[in-house]
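Presented below is the structure to which this report refers.
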Amino acid sequence: MTKTSSHTPIHVIGGGLAGSEAAWQIAERGIPVILHEMRGVRGTDAHKTDGLAELVCSNSFRSDDATSNAVGVLHAEMRLAGSLIMRSADANQVPAGGALAVDRDGFSDAVTAAIEDHPLITVTREEVTGLPPEDWDQAIIATGPLTAPSLAEAIQARTGADSLAFFDAIAPIVHTGSIDMDICWYQSRYDKVGPGGTGKDYINCPMDEAQYNAFIDALIAGDTTGFKEWEGTPYFDGCLPIEVMAERGRETLRHGPMKPMGLTNAHNPTVKPYAVVQLRQDNALGTLYNMVGFQTKLKYGAQAEIFRLIPGLENAEFARLGGLHRNTYINSPTLLDRSLTLKGRPGLRFAGQITGCEGYVESASIGLLAGRFAAAERQGATPILPPETTAFGALLNHITGGHIVSDDEPGKRSFQPMNINFGLFPPLEPGTVTKPDGVKRFRGKDKALAKKHATAARALEDCARWLKD
Ligand SMILES: Cc1cc2nc3c(=O)[nH]c(=O)nc-3n(C[C@H](O)[C@H](O)[C@H](O)COP(=O)(O)OP(=O)(O)OC[C@H]3O[C@@H](n4cnc5c(N)ncnc54)[C@H](O)[C@@H]3O)c2cc1C
């Protein structure tokens, strides 16, 4: 058995948003780190420089509002936790209204300098081509959506063919509270109970013939993303974008994901719907539902407009819209334990977008957690997980356990990457949000905003308490 001490380095593979943050958190706890980054030796399709934490596309970290926006809450928690990524972003901010946008070169330079100057971090420019050797007893894989092929193959060989995705074909996800249940109803097709079901597991949106035809016309006319990279994409069977299905024939969707069979409109039982859109519970809390079979590469604006044509979804709020991206990520809910360790391989963690979170800040925050967890273990302690009421905890919970696995579509991956959003937080205790004195009507937007304020305040309070532990 290899003997380790807190002087034995922890290896971090990938010097992106997650890997840089993980390395920093470990080193700040007095533990040496070897950070392996391949750029400088081998590039990716999206990165343009050799700098650490390069932003490959937008220069925005999105909203910085920690009172009513979930990503703003995550920013605030990261600042509380001493994040290098946030410190470097704050120091390189450019004007962007309520968003935190950065000078991308200044930001990457600041991260690179901090990492390279840290006495406990060694950066090696090399491609890691296989799983970390056993004598790297503590390691973090943070190689991102564009993980180099040989490492991706090694991960796939270790975890199984179905456990690694190479692109996302994502269906939109809707906040349950924004669905009009005076129009929709709960029912599983043919009232099938299935394993763990109730016979009422889906929310159904009915369409008559005219509504269906108008919807198909809108889909076909809809603006799709112009990504050249998707030309000739070999779509997985059963995973075709809906607009591609609609183009194949007016009736295709009615015989596919929108088939009305086995469903009776609870509000109008004598009239058979011509087509039905089904939504399936997406998180254990029941606050999010995904649109079954609605993966799409329509542009975001077109999606929101077209999907709000669906009866019951007129006021739908989307936790995420559909999309198609090149993205390497593992099936974390089945592969990782709660502290991001690969089951059956103690000491090997995953972090960043490869775990199935999405976005710069989310990836960095999972790097922050993986770094702290690995450091705790190196010091002989058990990692203390952040409470689920925090943005850290909500995201970690989505990745490692809060997601519902679909039993009725065997073989289909149901875990999809997601940005942080309030739908991932546990609901507030009843009575937390009450009508302010002197206010006559307290509902709609005002109530929703008050709930966001309360959820954000709870998160920051619980995060501060967790960090003191
Ligand atoms: C084309 C594209 C556009 C995007 N646009 C946005 C956007 O606008 N906004 C947003 O929030 N998110 C965007 N994303 C997602 C974004 O990439 C992630 O949110 C973020 O960069 C993920 O951080 P990460 O640390 O997990 O991965 P990365 O930042 O990609 O870092 C991974 C690092 O690992 C290195 N690496 C890979 N394989 C190996 C190996 N075998 N050995 C050693 N090193 C290796 C890579 O060179 C890279 O530096 C985009 C992604 C892509 C692919």
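Counting convention: from 1, in listed order, for ligands and their atoms alike.
Within the model, atoms CG of L146 and CG of N327 stand 8.0 Å from one another, a figure rounded to the nearest 0.5 Å. Rounding to the nearest 0.5 Å places CG of L17 at 9.5 Å from OG of S108. To the nearest 0.5 Å, atom NZ of residue K452 and atom CZ of residue F425 are 11.5 Å apart.
For residues 379-390, the set of pairs meeting the side chain to side chain donor-acceptor pair (under 3.5 Å) definition, not counting sequence neighbours, comprises T389-D462. Judged as a salt bridge (Lys or Arg N to Asp or Glu O under 4.0 Å), not a single pair has a partner in residues 106-119 (not counting sequence neighbours).
Residue contacts with ligand 1 for L17 involve both N, CA, C or O and side-chain atoms from C-beta outward (heavy atoms, distance under 4.0 Å). Of all the heavy atoms of V56, the ones lying under 4.0 Å from any atom of ligand 1 belong exclusively to the side chain. Contacts with ligand 1 closer than 4.0 Å are made by side-chain heavy atoms of T44 only, the backbone lying farther away. By the criterion of a heavy-atom distance under 4.0 Å, neither the backbone nor the side chain of A364 is placed next to ligand 1. Contacts of S363 with ligand 1, taken as heavy-atom pairs under 4.0 Å, involve the side chain alone.
Any N or O atom pair closer than 3.5 Å counts here, and L151 shares no such pair with ligand 1. Of the N or O atoms in S58, one or more lie within a sub-3.5 Å distance of an N or O in ligand 1. The shortest N or O to N or O distance between Y360 and ligand 1 is under 3.5 Å. Close N/O approach between I13 and ligand 1 is not found [any backbone or side-chain N/O within under 3.5 Å]. For E127, no nitrogen or oxygen atom sits less than 3.5 Å from a nitrogen or oxygen atom of ligand 1, counting backbone and side chain alike. At under 3.5 Å, a nitrogen or oxygen of V128, whether backbone or side chain, sits near a nitrogen or oxygen of ligand 1.
Close contacts of ligand 1 with G14, meaning ligand atoms under 4.0 Å from a residue heavy atom, involve 33 (C), 34 (O), 35 (C). Of all atoms in ligand 1, listed by their number and element, those nearer than 4.0 Å to a heavy atom of A18 are 25 (O). Those atoms of ligand 1 with a heavy atom of G352 less than 4.0 angstrom away are 26 (O). Taking every non-hydrogen atom of A148 and a distance limit under 4.0 Å, the qualifying atoms of ligand 1 come out as 37 (C), 38 (N), 41 (N).
For the pair E54 and ligand 1, no heavy-atom separation below 4.0 Å is found.
Looking at E37, H36, H47, it is E37 that brings a heavy atom closest to atom 47 (O) of ligand 1. The heavy atom nearest to atom 17 (O) of ligand 1, out of those in P145, A22, G144, is found in P145.
Taking both residues in full, the closest heavy atoms of I384 and W466 are given as O-NE1, 3.0 Å, listed atom of the first, atom of the second, then distance.
At distances below 3.5 Å, not a single donor-acceptor pair connects side-chain atoms of H47 with backbone N or O atoms of L55. Between the side chain of Q303 and the backbone N or O of L298, at least one donor-acceptor pair lies under 3.5 Å.
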Fill in: Step-by-step salt bridge (charged side-chain N to carboxylate O under 4.0 Å, His left out) determination, E54 to R39
CA-CA 11 Å; E54 178 185 334; R39 282 177 295 118; 3.4 Å; yes
Discussion item. Set out, in order, the CA-CA distance, both residues' side-chain angles and the distance that settles salt bridge (charged side-chain N to carboxylate O under 4.0 Å, His left out) for E377 and R372, then state yes or no.
Written reply: CA-CA 9 Å; E377 257 176 27; R372 293 173 83 100; over 6 Å; no
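When only modelled atom types and interatomic distance are considered, H118 and E28 share a side-chain donor-acceptor pair under 3.5 Å.
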